[in-house]
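First up is the structure itself, then whatever we jot down about it.
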Amino acid sequence: MQEENQDDFKRELGLLDGTMLVVGSMIGSGIFIVSSDMVRQLGSAGWLIAMWVLTGTITVIAAVSYGELSSMFPKAGGQYVYIKEAYGKLVGFLYGWSFFAVIQTGTIAAVGVAFSKFAAYLFPAFSDKNILYEIGDFKLNAAQIVSIFTIILLSYINSRGVKNSKILQTVLTVIKILSLAGLILFGFFAAKAEVWDANWTNAWASSSLDVASGSWMPISGVTLISAISAALVGSMFSSVAWEGVTFIAGEIKNPKRNVGLSLFLGTLIVSVIYVLANLMYLAVVPLQEIATAESDRVAVVASQYIFGSIGTYIIAVMIMISTFACNNGLIMAGARVYYTMAQDGVFFKKAAQLNKASVPEWSIWVQCFWASALCLTGKYGDLLDFVVIIVLIFYILTILGIFILRKKMPDAERPYRAFGYPFLPALYIVIASAICIALLYTKTSTSGWGVLIMLMGIPVYYLTKAKE
């Protein structure tokens with residue numbers, strides 16, 4: 001039954017489309033915002049760049065490791081399928097449950113909130129300070145309405161067929177890459193030697209900014225580990241969602257080759273762009289100003305140094321394009337996971353149906369509803385902590401699954417084998433596990449809630465099983 005339904009998808013996406021989906025889903029708002037908090041946590045140019053290089057390295061390692069799994073299971077559902085095959089239905093369900101409850105919908109909501117934040121630069125009426133309705137502690141603001149509107153609009157476009165969303169994704173992502181490359185290039189032209197030299201004077205002197213007094217406090221030992229894990233939340237969140245291309249493998253031409261290649265090319269392109277963007281910030285903006293940028297909008301400060309007062313609007317338009325394309329990719333990919341879960345009988349039955357345009361329309365709309373509900377919380381930072389811990393846990397489990405499946409299915413066809421196996425996949429598991437432990441230790445409230453929501457899936461799984 002499952003194999004039959006896989007064939008109902010139209011294979012309309014090539015290598016370029018797959019790569020653009022990876023790039024488009026990864027580059028959202030993070031690169032324009034999170035470096036500010038990272039500098040506040042660690043206080044030096046060397047540490048900032050080291051965090052981005054570490055994030056990029058482990059992201060590419062994870063992506064090339066996924067290539068083996070994508071070539072073994074070249075069908076819709078991606079990571080959900082890999083986890084189910086390696087660990088069985090319960091852990092597969094926990095992934096799907098977390099994916100729907102927090103990972104994909106929480107990311108869509110956070111990116112939607114970021115879109116409205118920057119749209120308010122061009123249209124002040126869209127600001128989160130424009131309160132439209134108030135009841136008790138709940139306040140409905142214009143930014144939340146704008147976020148929800150964009151999610152509904154993109155869900156509608158995606159429900160009309162994969163061709164429209166594919167064209168939109170590729171065009172917007174190309175614009176996004178070119179505009180980011182332009183910003184980086186103009187930034188290096190506008191670089192000031194004295195700013196660069198001052199920022200790199202004490203490159204490895206780690207310190208934390210006391211926002212109240214504006215003074216820097218030297219940090220080491222446990223405090224430094226805590227600061228590193230807090231800083232990594234930003235760079236890791238900016239580098240997730242690359243696995244989205246595995247969810248739509250049922251619509252990719254020659255998936256055994258193109259899915260793995262899209263993962264490698266997409267993550268490499270984004271990681272290089274991210275490191276260059278941060279080097280550009282350090283060449284243009286004094287470290288203190290990076291740390292104290294209003295609302296953490298470090299890209300706006302950099303753009304003002306590069307282009308003058310019009311820089312604010314240039315960045316606002318760039319981020320609106322960036323977040324719009326990012327959410328299009330997330331909405332397109334996410335719905336395919338619920339479709340595959342429904343095929344396995346662990347999600348709403350209606351989600352297993354494709355519409356006339358051969359897309360899982362019902363899945364798209366139920367995702368739209370929950371992501372819109374999460375927009376009403378409006379807290380970008382909390383959504384980040386929530387999402388990152390669970391994403392990392394399932395990345396670790398998936399890559400560990402490569403080792404398990406080599407033992408479970410030694411004779412399975414593997415057109416592509418994980419690069420650097422077993423060393424590189426094992427290295428990823430060690431580093432990502434250390435980050436998870438540090439996050440749980442230092443951000444227990446938000447990360448803990450994320451893990452609790454994931455574990456709540458266990459009774460839900462057995463309750464739904466009992467009904468069968």
The single option from Phe100, Tyr80, Trp97, Tyr95 that satisfies ring pair (Phe, Tyr, Trp, His ring centres under 6.0 Å) with Phe347 is Phe100

I want to check something: taking the side chain as every heavy atom from C-beta on, are Val222 and Tyr441 in contact at a cut-off of under 4.5 Å? yes

Answer yes or no: is there a side-chain heavy-atom contact under 4.5 Å between Gln367 and Ser363? no

Run through Ile319, Ile321, Thr323 and flag the one making a side chain to side chain contact (heavy atoms under 4.5 Å, CB included) with Phe118. Ile319

Would you find a donor on one side and an acceptor on the other, under 3.5 Å apart, between the side chain of Ser25 and the backbone of Val22? no

Any donor-acceptor pair under 3.5 Å linking the side chain of Asp37 with the backbone of Ala231? no

So which atom in Cys436 and which in Leu392 form the shortest heavy-atom distance, rounded to 0.1 Å? SG-CB, 3.6 Å

If we ignore angles and hydrogens, is there a donor and acceptor under 3.5 Å between the side chains of Ser70 and Thr246? no

Carefully, step by step, assess Gln79 and Tyr395 under the rule side-chain hydrogen bond (donor to acceptor under 3.5 Å, both in side chains). CA-CA 9 Å; Gln79 193 174 0; Tyr395 280 170; 5.9 Å; no

Please walk me through it: do Trp200 and Leu282 pass side chain to side chain contact (heavy atoms under 4.5 Å, CB included)? CA-CA 8 Å; Trp200 285 94; Leu282 291 167; 3.8 Å; yes

For Ser262 and Leu15: C-alpha separation, side-chain torsions, deciding distance, then whether side chain to side chain contact (heavy atoms under 4.5 Å, CB included) applies. CA-CA 6 Å; Ser262 296; Leu15 177 62; 3.6 Å; yes

Derivation of the side-chain hydrogen bond (donor to acceptor under 3.5 Å, both in side chains) call for Ser215 and Asp210: CA-CA 6 Å; Ser215 57; Asp210 179 10; 4.6 Å; no

Does a salt bridge link Arg336 with Glu251, judged by any charged N lying under 4.0 Å from a carboxylate O? yes

With the side chain counted from C-beta on, respond yes when Lys117 and Ser127 share a heavy-atom pair under 4.5 Å apart, and no when they do not. no

If I compare all heavy atoms of Asn199 with all of Leu287, which pair ends up nearest, and what's the gap? OD1-N, 2.8 Å

Counting heavy atoms not belonging to Ile310, are there more than 12 under 6.0 Å from its CD1? no

Would you call the rings of Trp47 and Trp204 parallel, tilted or perpendicular, taking 30° and 60° as the class edges? perpendicular

Thr312 and Gln304: CA distance, side-chain angles, deciding distance, side-chain hydrogen bond (donor to acceptor under 3.5 Å, both in side chains) verdict: CA-CA 6 Å; Thr312 304; Gln304 285 166 343; 2.7 Å; yes

Ignoring hydrogens and geometry, is there a side-chain-to-backbone donor-acceptor pair from Gln104 to Leu330 under 3.5 Å? yes

So does Ile219 get a backbone contact from the side chain of Ser206, meaning a donor-acceptor N/O pair under 3.5 Å? yes

Are Phe307 and Phe186, when compared by the centres of their aromatic rings, separated by less than 6.0 Å? yes

Keeping the roles fixed (side chain from Thr170, backbone from Ile167), state whether a donor-acceptor pair exists under 3.5 Å. no

Main-chain N/O of Ala227 paired with Gln41 side-chain donor or acceptor, under 3.5 Å: no

Side-chain donor/acceptor of Ser322 to backbone N/O of Gly28, under 3.5 Å: yes

Around atom CD of Glu194, are there more than 12 heavy atoms from other residues, nucleotides or ligands closer than 6.0 Å? yes

Would Tyr338 and Phe99 satisfy ring pair (Phe, Tyr, Trp, His ring centres under 6.0 Å), going step by step from the backbone distance to the final call? CA-CA 9 Å; Tyr338 320 131; Phe99 186 83; 5.8 Å; yes

Please tell me if the side chains of Tyr121 and Val300 come closer than 4.5 Å, counting only heavy atoms from C-beta onward. yes

Please walk me through it: do Ile269 and Thr19 pass side chain to side chain contact (heavy atoms under 4.5 Å, CB included)? CA-CA 9 Å; Ile269 289 166; Thr19 305; 4.2 Å; yes

Atom CD1 of Ile135 with >12 non-hydrogen neighbours under 6.0 angstrom: no

With the side chain counted from C-beta on, respond yes when Tyr82 and Tyr66 share a heavy-atom pair under 4.5 Å apart, and no when they do not. yes

Using a cut-off of 6.0 Å, state whether more than 12 heavy atoms not belonging to Trp216 lie near its atom CH2. yes

Main-chain N/O of Ala203 paired with Ser44 side-chain donor or acceptor, under 3.5 Å: yes

With a 4.5 Å limit on heavy-atom distance, are the side chains of Leu232 and Leu54 in contact? yes

Note: Ala62 and Tyr428 closest approach over all heavy atoms is CB-CE1, 3.6 Å

Is there a donor-acceptor pair under 3.5 Å between the side chain of Thr107 and the backbone N or O of Ile103? yes

Looking only at heavy atoms, what is the nearest atom pair of Ala125 and Ala142, with distance? O-CB, 3.2 Å

Rounded to the nearest 0.5 Å, how far does CG of Asp197 lie from NZ of Lys192? 13.5 Å

Side-chain donor or acceptor of Trp370 paired with backbone N/O of Ala101 under 3.5 Å: yes

Test Tyr156 against Trp365 for side-chain hydrogen bond (donor to acceptor under 3.5 Å, both in side chains), laying out the working first. CA-CA 8 Å; Tyr156 173 76; Trp365 286 116; over 6 Å; no

From CA spacing to verdict: side chain to side chain contact (heavy atoms under 4.5 Å, CB included), Leu440, Ile389: CA-CA 8 Å; Leu440 277 171; Ile389 183 84; 4.0 Å; yes

Would you call the rings of Tyr421 and Phe403 parallel, tilted or perpendicular if under 30° counts as parallel and over 60° as perpendicular? tilted

Flag if over 12 foreign heavy atoms under 6.0 Å of CZ, Phe149: no

